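Presented below is the structure to which this report refers.
Chain A is the first sequence line, chain B the second, and so forth, proteins listed ahead of strands; every chain is numbered from 1. This is a predicted model, so every value here is computed, not measured.
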Amino acid sequence: MFPYLPHTDKEIKAMLSDIGVDSIDELFADIPAKIRFKGELNLPKGQSELEVYTRLKRLAENNRQGVSFLGAGNYDHIIPSTVGALMGRTEFYTSYTPYQPEISQGVLQAIFEFQTLMCELTSLQVSNASLYDGHTAASEACALAVNSTRKTDTILYSSTIHPYTKQVLETYFEDLNIKLVELPEKAGVLDTDSVKDQLGDNVAGLLVQSPNIYGNLEDYTGLSDLLHEHKSLLIVSSNPMALGAIKSQGEWGADIAIGDTQPFGLPAYYGGPSVGYIAATEKLLRKMPGRIVGQSVDEDGKRAFVLTMQAREQHIKRERATSNICSNQALAALGNTIYLATVGKEGLKELAEQNMQKAHYLAEKLKKEAGVEMAADQPFFNEFTLALPKKAADIAEAMEADGIFAGVALNQLDASKPENLLTVAVTEKRTVEEMDRYVQSMKGALK
Amino acid sequence: MFPYLPHTDKEIKAMLSDIGVDSIDELFADIPAKIRFKGELNLPKGQSELEVYTRLKRLAENNRQGVSFLGAGNYDHIIPSTVGALMGRTEFYTSYTPYQPEISQGVLQAIFEFQTLMCELTSLQVSNASLYDGHTAASEACALAVNSTRKTDTILYSSTIHPYTKQVLETYFEDLNIKLVELPEKAGVLDTDSVKDQLGDNVAGLLVQSPNIYGNLEDYTGLSDLLHEHKSLLIVSSNPMALGAIKSQGEWGADIAIGDTQPFGLPAYYGGPSVGYIAATEKLLRKMPGRIVGQSVDEDGKRAFVLTMQAREQHIKRERATSNICSNQALAALGNTIYLATVGKEGLKELAEQNMQKAHYLAEKLKKEAGVEMAADQPFFNEFTLALPKKAADIAEAMEADGIFAGVALNQLDASKPENLLTVAVTEKRTVEEMDRYVQSMKGALK
Amino acid sequence: MSTQLKNKLIFERSREGRRGFRVPDIDVPARKPEEMVDKKYLRVHETALPEVSEVDVIRHYTRLSQKNYCVDLGFYPLGSCTMKYNPKINEVTAGLAGFAGLHPLQPQKTTQGILELMYDLTERLCEVTGMSWGTLQPFAGAHGEFTGMKFFKSYFKKQGDTGRTKVLVPDGAHGTNPASAHISGFEVVEVKSNEKGMVSVEDLKQHLDENLAGIMLTNPNTLGLYEEDIAEIAELVHDAGGLLYYDGANLNAIMGKSRPGDMGFDVVHLNLHKTFSTPHGGGGPGSGAVMVNKKLEPFLPAPTVRKKGSEYYLDHDIPDTMGRISGFYGNIAVLVRAYTYILTMGNDGLKRASELAVLNANYLKEKLKGRYFLPYDRVCKHEFVLSAQKMKDAYGVNGTDVAKALLEFGIHAPTVYFPLIVHEAMMFEPTETESRESLDNFIEVMHEIADLAEKDPDKLHEMPTSTPVRRVDQVQAAKHPVLRWQPE
Amino acid sequence: MSTQLKNKLIFERSREGRRGFRVPDIDVPARKPEEMVDKKYLRVHETALPEVSEVDVIRHYTRLSQKNYCVDLGFYPLGSCTMKYNPKINEVTAGLAGFAGLHPLQPQKTTQGILELMYDLTERLCEVTGMSWGTLQPFAGAHGEFTGMKFFKSYFKKQGDTGRTKVLVPDGAHGTNPASAHISGFEVVEVKSNEKGMVSVEDLKQHLDENLAGIMLTNPNTLGLYEEDIAEIAELVHDAGGLLYYDGANLNAIMGKSRPGDMGFDVVHLNLHKTFSTPHGGGGPGSGAVMVNKKLEPFLPAPTVRKKGSEYYLDHDIPDTMGRISGFYGNIAVLVRAYTYILTMGNDGLKRASELAVLNANYLKEKLKGRYFLPYDRVCKHEFVLSAQKMKDAYGVNGTDVAKALLEFGIHAPTVYFPLIVHEAMMFEPTETESRESLDNFIEVMHEIADLAEKDPDKLHEMPTSTPVRRVDQVQAAKHPVLRWQPE
Ligand SMILES: Cc1ncc(COP(=O)(O)O)c(C=O)c1O
Ligand SMILES: Cc1ncc(COP(=O)(O)O)c(C=O)c1O
């Protein structure tokens, strides 16, 4: 018996007779015998909730957590209780894509609010309804750049972007006739002098990231002008939590802003679901990937929201589409929306500031008390990179014995990075006691 | 700043000016100076969610759980996932008592369904919307008996009812002119012969319990006839889970059925909330305590539900009321309703049978392998009492070291009970492995 | 038609043989009940429990839920009920498995966390009320009242004073007050209110004899007015040998401003499901915690939570205890929520909550009194009472009509026809969690209703029309009671 | 008016200075940003983020939620979307803190539980599809398709076969299929369907040249029909040196009945948010897990989960990997739900689900085909496609009108205007979790709509009237795009 299968034997019989067949098997008679599956799937039989729950609970308990200073795209932030309460509304989570606006205003309005929030944070004009994650958002952004600029075949990117983003770009573009060119870094940030050398009319855009993979903030003064002279686009990826304090993409003159909204109310969850956000200038709207919600009116003139500009999408464009995204990360984007509504304008500022204050506290304390060095002397937000006298992975392993996840050894993300770099993230959740324990533990590990 | 207090300073000023006062303090000027509270409450200042959650989590973790064979009114049963999902609907849990039926059909219909379910289980005609718990339900039932029978001043009860029920009865009746008379037990069940001796026209009713405090099933053959001859009422308390298998109160000819519905989808939660249920014969309706929902129609003739028979209640009756209950355990009763809808007719039967099968398995294994004796040779449902060669509390403590909550030492509930009685509850959740471990542990403890 | 699907009872969705739940396979010998127990003990008749799938269950109750108004949907100015916002963090902490899974009889060394919470909460509630210790066991306000009355009984019994059989209750009191006194074995005597809407000290003095056990009061009273003479009343009652009982339903007005203990009360019940933000669950469960002063502490119901060194325990050894008032220790899950709330708000927040509750009530009162009759026109505390009597006389529009019209506008009605001392009473309690625009919206609607009363009263009589059902026939319900579904 | 309150955007509820969240007090020196970082790096413009209370947030989104239809409210026969019931136990297990709190880069010895789950799930999905191993990383179906196409690319690259640039896609395919092939660098060639609604083997044969990389198919196809010639097609494509890609959106029809691997497919994507009951969340997140046969295993995206002894680990060392397709490891919370579902259903339950899905679809089809035109009248699998073309010609009632009328009756619309090979297509997929009375209710409504089309088509054009909003002007939305709220 299966609690999700409502049919009684009597009903099945009656339905078969209404259809005019004798058995369910007859309904499968069109499967050619030779490829029909005759045995039983080699899986255990169905189980009761208690049994299933017991198994899952055991699996969940077979993971361990620590005081986390891990970042690199996924952070341990406070999640207000409103987020779970509202994401748990079944009207939101058990609905499909809002194809029928008359009975989908809940999801549609929430997405419209999400789009607005992303525009506000990035200081850009248009946002879509979400992409998969920050890394695939980078590839969508680069595709958008290529498709919005004439006769270009090259994407430049900074060596300081997340290594996983680079790897995703390579997968997405290696089979297309698009060249990916990496620009060098200098002292932990993009060497902006290198941009000029590589710029040409074939360049669709430049992808940079700030805070970058080391946590460093980059200075893009003049960069967008330079790119625009060549009709190239500036794409800036940012941790959106940082945007509560640092210069936004729009403020740097970027054409496209991207990033990953996991910090906004989404649990770490081993990396997913999160949301890739993308916002751009008005001009790029018609090439924007993914779904977009627009405001309109209903037959009575009442404000209403609806999926719009669908001519861009693969349902209509098919093989001429420049993006294939269909299902996105809507519920997670709703979580972001609830998060931002809850923390609000001042809350986000305060949170961003606290991240900064705490990260600076730890960094300074580490320098002073543990005698470790920063990999580069650059400004940072809530993440910084240490250049340790030993292998970062070994230090992290030693500190894990103290219940501390000390940070990300960068060579774990990109084997070409030095082995001694440890990137440390400090969110508002870390207390001064935890940070002081971190310093002690680090001192111990360095001995 | 307090997230639940929406007022901005500006708004407060404007509101004060609309009221025509200068400050909030002025609104409290009517509190005589001499009893005004001038200082600050000696409590810590408000805290953020994270801080509060951290504290509560620490408290939660400062409890320990074991493989539980504890019962005595509170049991470890499976709770289907539907229960939490639906009780978590804010429309249910953040509403008040359904005084306005037009916008309360959700709660009202659910209670109507609850009443129906209780009638079905007890085989009686009318049920109310819930009482506080099974023990206070007993006192309400006794009051109902007194108030429905003429010139009575005595309540009889079996010595085999839950000791806490007795104690609650004493508290409720000691200041009224009602005598409580305990009838003796014989071999772990009510000595029915004793009933006759005590019966007289002054007796309002007899309260019995089956399964009783030892877990034993009692035989009430002929009892209701006997009582009715004296115009006395029979009140039978039963664990409602047992009603899936054992004779119901109505089937024994009881006039009033009571009990505690914790087994139906409510977490143990250190004893509360649960629900006291009460059902009775049609005749007793007008004296029934507590809220009752009835079916009616709205102005368009559409079926609608509404609180009814309110003339019984204290809002109208005031000092002539025979019960004072106002708020009850509505949400928990909703939980019961969802539980019963989910497990359904066949599921409840199966569950009840499994409880019985497992309890019998353990009891027999204990007799055979651990050589322990039953306190009495009586039929039982999912709970039985052992007469141990040592103090039950000591055995339980020893077994706790093996992670097993072995049962309830009955003298813990009632100091007058022998020290060697251990009441063991076995629900459908206990696995054969856990029971085998129980037997091993018991053997160890008895050495 | 889909509506047909939507308005069924769960029983009417039943299909023979359908299942919504899988029981784990049995792992011990699967004997039939009659093999274990003599047949005479076994159930004879099948139950007509529903036979539905999990899908049926979820859809049925999800749809039902949507037919219910709640605080999370909007304004709920139900007087005397303190329908403030129920914070979501409370639900999170109450859901912690470390609390939910505890059996009430497991060894106390394994329940130190929940005992600490209970201890700590008791302490904090004492501080808020100015009392000495208390019990968290009462399941609701009325249960707390009963417990309070048992304190009276126990106290006088201890004094050997058996003649004190009379409890005074003001005419404006909530119905549970006289009912609780009555079921506890007291004789209830009503005290009149004066022209200010307060307890008449004159009338009170008539009743101060040797039969006096005490008085039950709420302050602010059910008109939302702070009893000016409370100190004198307390003195008079105490001097006459009586005790004072405080009905805490209205505490939300005065936290950090005025404490029942300081007013002279001996015993106080609190409605944690009102003042302390725990959700009311469509009628319960709540918690009616009771706090007492030193004088009454010896009579606490057993057990009470205590601390020895760093260890918390349930103390059953209370020689003069009133006895046991409930099976276990109360609605613990509600206590977790209330405790969470107190930690969140702190001393500053609780006081602020009361200040803003009073601000909101006075704001509403001032904005409505021009259109609706305000029988007692003075500063109010957390709530106030209007009368529809004049409207009824002039246009035939009564309190019920106003209430039902509010439903039509998507707002919950006030409490109507209570307190009994005001004709066509409408009692409004906005609480502190309503924003100004929520109040302004309400004011606008109330004015529109007043306009309609004058211009088109029939339209009001028709309302509501857009709710899940329209006005329900209460007479039929009571006259021909249908209290359960019947299988065919 | 309360409606005014109800229809605002969250931004329109903002009040300067209002707060809905308390940040913990800072416990380190509270330096200003400009003391830590040069001003040029700092934000210049304030954001217009909302300033609202927690109460505002809860009420706003609770009310919004009530403007949304969902599976838990009723029938959702949206073709190609498999809107089956989403079990509640899945939500419980997905909520376990032991999963939710894991950082993707924490040491693998601290994540053995989740890795075991991923491993186990991969294995089970392989069994269901008849494949050899796979990746759980794709975030949705389309992402899985892209991954599939990258398998094609990687395979031919490894073969040194650079000429294979052409991917065949049937004319009935879902839009993501050609789009995915295109963005992966393939040239898309459409294959025609035959008069039976199936891939035309004749037409297929035209395209079997040395440029052929392969074909993307779904089976049952988008008409809900099982491709009779699938074995021949597989042989033809393989013989021509091509590969076969299976779009798993329609797997719900054939679990335990027919496996893509056995049909000859080399790579399969699954929509766990369809067949495996994970909720669709109003548009996502889903999971587009991809399974492959031995031939394609070397090209798996990095990392993939593997087991050594009793230890699970993420294997990054895949020499011929296609590379990385996403940041971390996919929508893990979705995987937990799908895994829970597979354990719950087991081999017997999955098969039964497919059987009943097909039973339901055929039942509906038979009951509707008398009133609506069924272009391909044969046994269907989990879904079927009707055409409103005749109705449109006769009465001016088109697919949209039927869809909107269903909304009026409280039921979700079918998928309309897809697949493109049927004019005025209406695609119905009831799924196995609908009960017979739910189907019967739907049939009744559909008949009523058909009656209306004949008798009173204008009434249909007006519908819906009782939904939160009526028909929305899509043209205005696209012509004058308003894609965000603007502060004044
Ligand atoms: C003034 C007053 N006292 C007592 C009560 C009774 O409280 P409860 O419903 O929790 O029993 C109420 C509840 O409405 C009340 O308003
Ligand atoms: C046949 C088919 N293929 C692919 C997809 C794309 O799946 P997703 O929306 O998960 O990207 C869909 C979704 O509707 C579909 O129906």
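- Within the 3.5 Å criterion, the main-chain N or O of C:Arg31 finds a donor-acceptor partner in the side chain of B:Gln357.
- Proximity to chain B (any heavy atom under 4.5 Å) is restricted, for C:Phe11, to the side chain, taken from C-beta onward.
- Without hydrogens or angle criteria, B:Asp175 side chain to C:Gly185 main chain gives no donor-acceptor distance under 3.5 Å.
- Only the side chain of C:Pro107 has a heavy atom closer than 4.5 Å to any heavy atom of chain B.
- Side-chain atoms of B:Thr171 come within 3.5 Å of backbone atoms of C:Arg324 as a donor-acceptor pair (strictly under, hydrogens ignored).
- Rounding to the nearest 0.5 angstrom, the gap separating the CG atom in C:Asp38 from the CG atom in B:Leu217 is 10.5 Å.
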Please step through side-chain hydrogen bond (donor to acceptor under 3.5 Å, both in side chains) for the pair B:Tyr270 and C:Thr111, ending with a clear verdict.
CA-CA 9 Å; B:Tyr270 212 46; C:Thr111 61; 3.2 Å; yes

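- Here C:Tyr41 contributes atom OH and B:Glu251 contributes atom CD; the two are 15.0 Å apart, rounded to the nearest 0.5 Å.
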Test side-chain contact (heavy atoms from CB on, under 4.5 Å) on B:Leu117 and C:Leu49; report intermediate values, then the result.
CA-CA 7 Å; B:Leu117 290 164; C:Leu49 255 57; 3.9 Å; yes

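- Using a cutoff of 4.0 Å between basic side-chain nitrogens and carboxylate oxygens, B:Asp298 and C:Arg471 are not scored as salt-bridged.
- In this structure, the portion of B:Lys34 lying under 4.5 Å from any heavy atom of chain C is its side chain and not its backbone.
- C:His280 and B:Ser327 form a side-chain donor-acceptor contact under 3.5 Å, judged by distance and modelled atom types alone.
- The parts of C:Ser435 that come within reach of chain B are both its backbone and its side chain, each placing non-hydrogen atoms under 4.5 angstrom from that chain.
- With a 4.5 angstrom heavy-atom cutoff, C:Tyr226 touches chain B via backbone and side-chain atoms both.
- Without hydrogens or angle criteria, C:Tyr76 side chain to B:Tyr96 main chain gives a donor-acceptor distance under 3.5 Å.
- The residue among B:Gln167, B:Glu346, B:Gln329 with the most heavy atom pairs within less than 4.5 Å of chain C is B:Gln329.
- In this structure a side-chain-to-backbone donor-acceptor pair under 3.5 Å is missing from C:Glu116 to B:Asn62.
- Proximity to chain C (any heavy atom under 4.5 Å) is shown, for B:Glu299, by both the backbone and the side chain.
- Using a 4.5 Å cut-off between heavy atoms, C:Lys40 contacts chain B through both its backbone and its side chain.
- Defined by atom type and a distance below 3.5 Å, a donor-acceptor pair is missing between the side-chain atoms of C:Ser326 and B:Tyr132.
- Only the side chain of C:Lys367 comes within contact range of chain B, judged by heavy atoms closer than 4.5 Å.
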Could you give me the CA-CA distance, side-chain angles and deciding distance for C:Leu42 and B:Met356, then say whether side-chain contact (heavy atoms from CB on, under 4.5 Å) is met?
CA-CA 12 Å; C:Leu42 295 178; B:Met356 222 158 161; 4.0 Å; yes

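- For the pair C:Lys257 and B:Phe28, the cation-pi test (distance below 6.0 Å, angle within 45°) is passed.
- Ion pairing between B:Glu102 and C:Arg470 fails under the 4.0 Å rule for side-chain N and carboxylate O.
- Looking at B:Leu243 and C:Arg43, their side chains come closer than 4.5 Å, going by heavy atoms from C-beta outward.
- Looking at C:Pro481, only its side chain comes within 4.5 Å of chain B, counting heavy atoms on both sides.
- For B:Leu176, the part lying near chain C is the side chain, with the backbone staying farther off; criterion is any non-hydrogen pair under 4.5 Å.
- Between the side chain of B:Asp133 and the backbone N or O of C:Gly327, at least one donor-acceptor pair lies under 3.5 Å.
- Neither side chain, B:Gln100 nor C:His412, offers a donor N or O lying under 3.5 Å from an acceptor on the other.
- Annotation: side chain of B:Glu174 is in contact with side chain of C:Lys150 (closest heavy-atom distance under 4.5 Å).
- Side chain of C:Glu127 to backbone of B:Asn42: a donor-acceptor contact under 3.5 angstrom is found.
- For chain B, the nearby parts of C:Met36 are the backbone and the side chain; heavy atoms of each come within less than 4.5 Å.
- Residue contact with chain C, scored on non-hydrogen atoms closer than 4.5 Å, is absent for B:Ser130.
- Ranking B:Thr94, B:Ile325, B:Asp30 against chain C, the residue ahead of the rest is B:Thr94, based on heavy-atom pairs under 4.5 Å.
- Using a 4.5 Å cut-off between heavy atoms, C:Ile230 contacts chain B through its side chain alone, with no backbone atom that close.
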Trace of the side-chain contact (heavy atoms from CB on, under 4.5 Å) decision for C:Asn7 with B:Gln105
CA-CA 10 Å; C:Asn7 289 323; B:Gln105 287 298 302; over 6 Å; no

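- For a residue to count as touching a neighbouring chain, one of its non-hydrogen atoms must lie under 4.5 Å from one of that chain's; by this rule C:Asp473 touches chain B with backbone and side chain alike.
- Using a cutoff of 4.0 Å between basic side-chain nitrogens and carboxylate oxygens, B:Glu120 and C:Arg484 are scored as salt-bridged.
- Within the 3.5 Å criterion, the main-chain N or O of B:Val432 finds a donor-acceptor partner in the side chain of C:Asp27.
- With B:Phe2 as the aromatic partner, C:Arg352 does not meet the cation-pi criteria of under 6.0 angstrom to the ring centre and within 45 degrees of the ring axis.
- Within the 4.5 angstrom heavy-atom criterion, atoms from both the backbone and the side chain of C:Val358 approach chain B.
- Judged purely by distance below 3.5 Å, without hydrogens or angles, the side chains of B:Arg89 and C:Ser65 pair a donor atom with an acceptor atom.
- No part of C:Ala181 comes within reach of chain B, as not one of its non-hydrogen atoms sits under 4.5 angstrom from that chain.
- No hydrogens or angles considered: a donor-acceptor pair under 3.5 Å links the side chains of B:Glu113 and C:Tyr61.
- Atom CD of B:Gln109 and atom CD1 of C:Ile10 lie 9.0 Å apart (nearest 0.5 Å).
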I'd like to know whether B:Asn63 forms a side-chain hydrogen bond (donor to acceptor under 3.5 Å, both in side chains) with C:Gln106, so could you lay out the CA-CA distance, the side-chain angles of the two residues, the decisive distance to 0.1 Å, and finally the verdict.
CA-CA 10 Å; B:Asn63 303 304; C:Gln106 68 183 71; over 6 Å; no

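- Of the atoms belonging to B:Ala72, heavy atoms from both backbone and side chain fall under 4.5 Å from chain C.
- Among B:Leu340, B:Val343, B:Thr136, the residue with the largest count of heavy-atom pairs under 4.5 Å with chain C is B:Val343.
- Only the side chain of C:Leu78 comes within less than 4.5 Å of a heavy atom of chain B; its backbone N, CA, C and O stay farther away.
- Ring geometry, C:Phe328 versus B:His162: the interplanar angle exceeds 60°, so the pair is classed perpendicular (tilted spans 30 to 60°).
- Side-chain atoms of C:His182 do not come within 3.5 Å of backbone N or O of B:Arg318 as any donor-acceptor pair.
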Verdict with reasoning, C:Asn347 to B:Glu40, per side-chain hydrogen bond (donor to acceptor under 3.5 Å, both in side chains):
CA-CA 7 Å; C:Asn347 63 6; B:Glu40 285 211 2; 3.1 Å; yes

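- Only the side chain of C:Glu91 comes within contact range of chain B, judged by heavy atoms closer than 4.5 Å.
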Working for side-chain contact (heavy atoms from CB on, under 4.5 Å), residues C:Leu483 and B:Val293:
CA-CA 6 Å; C:Leu483 308 179; B:Val293 171; over 6 Å; no

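- The main-chain N or O of B:Lys45 is never found under 3.5 Å from a side-chain atom of C:Asp348 such that the two would form a donor-acceptor pair.
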